[in-house]
Structure formats: C-alpha cells, structure tokens
Number of protein chains: 2
Amino acid sequence: MSTIATLTDVAKAANVSKMTVSRVINHPEQVTDELKALVFKAMKELDYQPNFAAKALAANTTRIIKLIILEKVDTVEPYYATLLMGVAQALNEHQYALQVVTQKNADIGDCDGYIITGARRDDFDWLNQLNRPTILFGENRHNYDYVDSDNKYGTFLATSAAINDGYDQIIFFGIELKESFEYSRERGYMDTMQKDGRNPQIVRFGNHSSEAQNYVENHWHEFKPNTCFVCSSDRLAIGVERGIQHMHGNIPDEFGIIGFDGVFLDQIADPKLTTVKQPVMTMGSKVAALLLQKINLALPMSEDHDPDRNNRVEVMFSPELIRRQTTRNYHRS
Amino acid sequence: MSTIATLTDVAKAANVSKMTVSRVINHPEQVTDELKALVFKAMKELDYQPNFAAKALAANTTRIIKLIILEKVDTVEPYYATLLMGVAQALNEHQYALQVVTQKNADIGDCDGYIITGARRDDFDWLNQLNRPTILFGENRHNYDYVDSDNKYGTFLATSAAINDGYDQIIFFGIELKESFEYSRERGYMDTMQKDGRNPQIVRFGNHSSEAQNYVENHWHEFKPNTCFVCSSDRLAIGVERGIQHMHGNIPDEFGIIGFDGVFLDQIADPKLTTVKQPVMTMGSKVAALLLQKINLALPMSEDHDPDRNNRVEVMFSPELIRRQTTRNYHRS
DNA sequence: TTGTAGGCGTTATCAT
DNA sequence: ATGATAACGCCTACAA
C-alpha cells in the first residue's frame, strides 16, 4: 500500500477507534499511557502524517498565514528574504501554509492570521481593518504586538564601540523617517553619547547609499580625522564608505564606520562593514511562533486564558556587534 | 451574516443546486448561459471565495507546492528572493499554498508538486526519488523540465556589446562549476568571439567577488587598456570592478565590465554595472504556472492529453542587456 | 477513559 | 443540463 496513511489506518493498526488516535494527537492527557504507546507505535510504522486540509476543514480554519510586505515593490531586499526563511520554517513545522502577499492582493482569500512587515504610519488605518490575529515585524506605537530587534541597544553597542575605539568625533547618520525604529536607534546613540559627556550630532537621509555618500563628499572639510560614522543602516554605511574612499580618507584609522542590519550588504561592502547585526532569521521564526500562539488562544476551546493576555506582546531581540574592517579593533584602556 | 459564503449559500441565492455552482467554477461549459449568469451574480453579491481546504480534501490533493532551495544556507540571495516572489504570486492566484523548504525538511508532509532551484549534478539522485510533478528552475542535462533564462543568448548580448563598444581584448570570467548554465554562458561568449574572428579567453573562479578581484590585481600587467571583462555573474563583475579600481584603472574608458543576473548587486556596485538582466520574477511565475499545468495534466480526469506531453518542457526567457556605467555607451560604426 | 455519530465545504458519480 | 448522494480526513459533541 503506497497510499498515505490516515487516522483510520492508524486506528486499525493500533486496534482502537479513530477518536483515540485523534486524541493522542490533540489531547494526549485524556488517553491512557498504554493506548498512547500503541498508537504512537502504529503512527510510526505507518509513517502517519496528518492531513493538513482535513484538519483545516474540520476546524473551520484555513491554516494559512499571510505575510504582507508593505513598502515599494523593489523591496526584494535580502533583509526580507532572510526574514521570510525564518517565518516559513516555523510555519512549516506546525503545518501552516505561508502566503506571501502584497497589500493589493492581500484581501483575496481567507486566512487565520497576518504577519505584517514594513508598516509605516500611514498603513495603520488599513491594518485596523484586518479582522484576524496580527503580529507586526517591527516596533510600532500603535499598540500592535510586534517582534523587532532592540534598536536602542543596537546603537548603544555601536556608539560604545566607537567610543572605546578612541574616535573623537562620532556622528550619527540616520534615516529620514518618522518611524519608531528610527527614534529608538537615535535614542540609543544620543543616550550613550551624553552618558560619555559628548555632543550628539545627527544627520538624516533617505535610505540610499548615494545620499550618504554625497553628504560625506560635500561636507568633507567638516570631518576631522579620527571620526566615526554610526549609521542606521548598512546602506547608509556603504554610502559613507564610498564617500570616504572618494575623498581618499583612510578607513579605519582616520575614519570609522559602523552599519546596522548585518544582512548581506555588510559583506558585499569593501572593506567589509563593522555592523550591528540583527538575528533576522530567528526573529522571523519568532513572529510566526507568536502568531500561531495568538491564533490558538483566540480559539474558543482554550479556557485557560493567559491572565495577562490583554497585555501587548513586545519581543525584542538583542542585536550583536560584528567587528570587521571599518573600525579599528583597538580598545582604549 | 458576516460569515463566509459557501457553495451552498451561493446555490440558495441563485436558486440552483450546489453542483451547478461547483460546475460553473470547474466545468463552465456544462452549464447553460442563463444559469451561469445567475450563479455569477450570486457569487458576486455574496463575495464568494472557494474554500481552499475543502477543495483539497475533496480532490484528494494537498494544494501545497514545495519550493526546495538546494545550495548552502547562506544563499539567501536577492536572486532567490525575487524568484520566490514570482512563484508566490502565481501560486496565490490559483489557490495553491507555497512551502519554502530546504532539502533536510523536504520530506515531511505531502505536497502536489515540487519546484527545485539550485540543483547541481550531485543532487539528481535525490531528485529522482521525488514522486510528484517537478519542475526545475535552471537548465539541466538530466531531462527535467525547466525554466531558465537563455544563458547563451545572454553572453551573446554581452560579448556583442563589448565588441561594438570597441574593446580590443574581451575576456570571459566564468564560474568554476561543471553546470549546464555555465557551459551555455561560455558557449555564447565563445561563439560570438569566433564569429568576429577573435580569440576567446576564459578564466574561471568560485562565485566570489574576492577571487575575481585577486585575479585582476595579480594579473594586472596582462590587461592592456581597452579590455572588457564579460562575467558570468554580477558577483564576479563586482570583484573585477574592485580590482580595476585598486589598480587605478579607468572604468569604462580603459576597462569595461559586463555582469550577469541583474538582481540587486548590479545596482549596489559603484559605478553601477552594465549587466545582462534576467527577468527573474517573471521566470518565477512561469515555473509555478508550468508546474500547476503539469499537475492538472497528471490528474486522471484530463483525457485530452496533449499529444506531445512526453516531450520535455524547456522554457527559456530572453535576458536583456542593461547599459549602465561600466561600459562606454559608444558604438563603433 | 473510550467510542459513535455527524458535519466542515467541495467534487465525482450516478441518476434524472 | 441539472440534481441527489456519498466521500475526502479530521474533530467536536455526546454517549457509554
């Protein structure tokens, strides 16, 4: 029999009813250990794989999660690709299907929950219409549950490193966006600077390497040797790197650069960027896991509501400073 | 009723049986135009969306397609991300779910078909075990159906451009891989060179920018000004660009560079790469479409077998030469 | 603790 | 050309 084993097949093999098998899977505590053992054995022998579609149908559920990538189309950035892999992995483990979708076609077809990434201020009106459990990827001030990296801590790491490495002037190149993640990154920089009795200095750009590059070249006279540029993205950092190279500045001795993200771009740069690396893949798995958890809690059957279920879920992952070639690896003592 | 409309709801609204509605969807030719009109109207009014899971269950089908990305884990390259978007889009339109999977967990859970990308010679033993319709992304000599860009034509475009732009020496930087796509690219270069009475010259590397860069620097004396480097990937092209820059060669007047792929990297480079761009997203949609077609043909009901269904399906997309900053845009007359 | 009956939404089959 | 029925695999509700 090369056909795929069903609940019924397992039940027969184990000499029990379908329901017992179903219970072994969904409510194992209700079944005696003896029977459980028998059922497990049968499942293993038949290589039983639950039927995704039947499960969905019976539970009045789709077992589909939509990942909505807001933002311009050209955002096929490595960052999102990595995130996607993380999400896909976690979802697969729990027999959920992933649909990657853009805002336009997000409405067609039902689903059990949404993962949203790249949400900006303007998007929240639209987001509020979604009537399914939702988790955002990226911190926000609209009370949505989210997963993000600890942006403030990230720039704390970067700024501290710049200080430790002995750079005199430390400038922050930020992204010209009134978004929460950017505020946090700037805050991390500013606090760290002030704690060390230094004057913060922030410049902002659209997130394009050319803008940062032009700025560096046009304001070259303002940067004395021994300056470090702490950037809010690897894109900006690459621009800075190019600007310095075009002006024949020395990296990392005269000028340091620290990026943010640590996905692909940092390695493409030459010299390779010292950067604040986010564990993007892990974060992807986490959003997915949280969403599934939320979906299951929303199900009527779960009586054992988490008491603080009303609270917002905010998960922050600690980024990590990766030292490469755009900072001196020299610590002041 | 904010509940989701089902076939039955539509049937009631249109005063017909469920089956008629089902037929309107799946076998419209069997239904009279009058009834069809009624049913369509009802479907629109109720905003009917077919239930994915029920369809799957009834058809003894999973409606799941697995996209298997063979190759090292760090291959979260923009290239694959773009491909993925294309696949996802086409699949969503047909109510199929996409599972992104690596070789390891490819075996868990059933599916209706596979899309394979990054298959190398060694992988084919494993591929042969897959007992579901399969389409490869990437040309191959193992008789698998595939979609790819026309690699040979791509390097023909690149080489012709280099010739037209008046470069004296034209060298091919290939990828050290005994794979079909690489053979085709080299063939396109060689044929075009020979047709113009020139001597082809090929060097090969692992697909890393640093290898190409080192080579350029170490063999710098061999490259007279007015040389163009035709590369088998944008990665290699970036390495060449860096090598030339480190040796203070002038781009594009003394040295031209043409990359291959046209996904992300070409735009990140500075100066931006002239490159052979593949329509990756479109190609992704096409693989998906082909696979769905193949799956439906495999279904017993389709009696009207395409007569040459036994033939292998090979779809080649024409790449396009994008002229940017690493070639002179100067045509010899 | 375990088993039985019925239904989730769709489609194929057979009947009309 | 259209409709009634059964079945896909699983789960909830109820019965034993």
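Sequence lines set the chain letters: A, B, ... in the order given, protein chains first and strands last, and positions in each chain run from 1.
Comparing D/dC10, D/dG3, D/dA13 by their nearest atom to the side chain of A/Tyr48 picks out D/dC10. Of the candidates C/dC8, D/dT2, C/dG3, D/dT2 carries the atom nearest the B/Arg23 side chain, counting heavy atoms from C-beta on. Of the candidate nucleotides C/dG7, C/dG3, D/dT2, D/dT2 has the atom nearest to the side chain of B/Thr20. Considering only side-chain atoms of A/Leu57, the nucleotide from D/dT2, D/dC11, C/dG9 that sits closest is C/dG9. For B/Asn60, taking side-chain heavy atoms from C-beta onward, the closest of the listed nucleotides D/dC8, D/dA4, C/dT2 is D/dC8. When each of D/dT2, C/dG9, D/dA13 is scored by its nearest atom to the side-chain atoms of A/Met19, the top-ranked nucleotide is D/dA13. In the set D/dT12, D/dG3, C/dT4, the nucleotide with an atom closest to the side chain of A/His27 is D/dT12. Side-chain proximity of A/Lys55 to the nucleotides D/dC11, C/dT4, C/dT10 is greatest for D/dC11. When each of D/dT12, D/dC8, D/dC10 is scored by its nearest atom to the side-chain atoms of A/Ala58, the top-ranked nucleotide is D/dC10.
For B/Asp123 and B/Arg120, the salt-bridge test fails: no basic side-chain N is under 4.0 Å from an acidic carboxylate O.
Between the side chain of B/Lys18 and the base of C/dT10, a donor-acceptor pair under 3.5 Å is found.
Between the side chains of B/Thr62 and B/Asp112, a donor-acceptor pair is found at a separation under 3.5 Å. Remark: the B/Ser180 side chain and the B/Glu139 side chain contain an N/O donor-acceptor pair separated by less than 3.5 Å.
For A/Thr8 and D/dG9, the shortest distance from a side-chain N or O to OP1 or OP2 is not below 4.0 Å. Taking only side-chain nitrogens and oxygens, A/Ser22 comes nearer than 4.0 Å to OP1 or OP2 of D/dC11. Contact annotation: B/Asn26 reaches the phosphate of C/dT11 (side-chain N/O to OP1 or OP2, under 4.0 Å). Side-chain nitrogen and oxygen atoms of B/Thr6 include none within less than 4.0 Å of the OP1 or OP2 phosphate oxygen of C/dG9.
Between B/Ala54 and B/Gln30, it is B/Gln30 whose nearest contact on DNA chain D lies nearer the 5' terminus.
Atom NZ in A/Lys12 sits roughly 12 Å away from atom P in D/dC10 (whole-Å rounding). Distance CG (A/Asp9) to P (D/dC8): 11 Å, rounded to an integer number of Å. At whole-Å resolution of the value, CD in A/Gln49 and P in D/dC10 are 11 Å apart. For the pair A/Gln95 CD and D/dC10 C1', the interatomic distance rounds to 12 Å; values are reported in whole Å. In this structure, the CG atom of A/Leu46 is 15 Å from the C1' atom of D/dG9, given to the nearest Å. Distance CD1 (B/Ile4) to C1' (C/dC8): 13 Å, rounded to an integer number of Å. Atom CD1 of B/Ile25 is separated from atom C1' of C/dT11 by 11 Å (rounded to the nearest Å). Atom pair A/Arg63:CZ and D/dG9:P shows a separation of 17 Å (rounding to whole Å applied).
Aromatic ring pairs are classed by plane angle as parallel below 30°, tilted from 30° to 60° and perpendicular above 60°; the pair B/Phe52 and A/Phe52 is perpendicular.
To the nearest 0.5 Å, the span separating CD on B/Gln293 from CG on B/Asp145 amounts to 10.0 Å.
A side chain to side chain contact (heavy atoms under 4.5 Å, CB included) with A/Ser17 is found for one member of A/Val21, A/Thr20, A/Asn15 and no other, namely A/Thr20.
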